[in-house]
Amino acid sequence: MGIGDRQSARLRGGGLWERWTTAPVGSGPYKLLDHKLDIRVSLAAHDSYWGGRPPFDGIEYRIIPERSARVNGLLASERTRKRDVLSDT
């Protein structure tokens with residue numbers, strides 16, 4: 001499954017992002033498990049992936065719009081990754 005961003009999807013065509021979020025298509029090492037728009041994306045290992053089973057059972061991307069909440073989550077060890085923690089975009 002490819003991960004895209006909302007802005008580039010909108011630039012490619014109106015409403016594309018919204019359509020993708022309800023019917024994603026992919027063939028990567030992880031498959032979509034759960035998705036809640038603007039909240040989270042949960043992925044599960046795809047056991048039949050041609051390149052072999054991925055190293056993690058699952059991955060969860062959480063959308064946390066407020067900067068202070070992202071920083072506090074890191075400080076409390078609730079987050080294992082810190083991409084764009086201080087960005088407001």
Side-chain angles (χ1 to χ4, degrees):
M1 166 183 292
I3 302 294
D5 67 271
R6 181 181 297 192
Q7 181 64 25
S8 63
R10 283 194 175 130
L11 292 174
R12 287 192 301 263
L16 179 62
W17 175 261
E18 286 76 14
R19 287 196 309 270
W20 182 87
T21 61
T22 59
V25 176
S27 61
Y30 293 93
K31 57 187 172 183
L32 183 66
L33 183 64
D34 181 41
H35 174 257
K36 295 198 183 285
L37 187 61
D38 293 332
I39 296 174
R40 76 167 179 268
V41 175
S42 300
L43 307 173
H46 189 263
D47 293 329
S48 300
Y49 180 59
W50 66 270
R53 191 175 197 294
F56 303 106
D57 292 334
I59 298 173
E60 182 174 89
Y61 293 95
R62 295 180 66 195
I63 293 82
I64 305 169
E66 188 176 316
R67 181 190 305 186
S68 63
R70 291 191 301 264
V71 171
N72 288 335
L74 278 175
L75 295 174
S77 299
E78 294 173 358
R79 315 276 180 268
T80 58
R81 186 80 184 195
K82 53 187 177 186
R83 182 172 182 256
D84 299 330
V85 170
L86 297 177
S87 173
D88 282 334
T89 57

Heavy-atom closest contact (L43 atom, L32 atom, distance): CD2-CA, 3.9 Å

Atom pair CG/CD1 of D34 and I39 - distance to nearest 0.5 Å: 9.5 Å

S42 to E60 - nearest heavy-atom pair and separation: OG-OE2, 3.2 Å

Apart from I63 itself, residues in the same hydrophobic cluster as defined by side-chain heavy atoms under 4.5 Å: none

Taking every non-hydrogen atom, the tightest pair across P54 and P29: CG-O, 3.1 Å

Nearest heavy-atom neighbours spanning I64 and A69: CG2-CB, 3.7 Å

Cluster check Y49, F56: I/L/V/M/F/W/Y, side chain < 4.5 angstrom: no

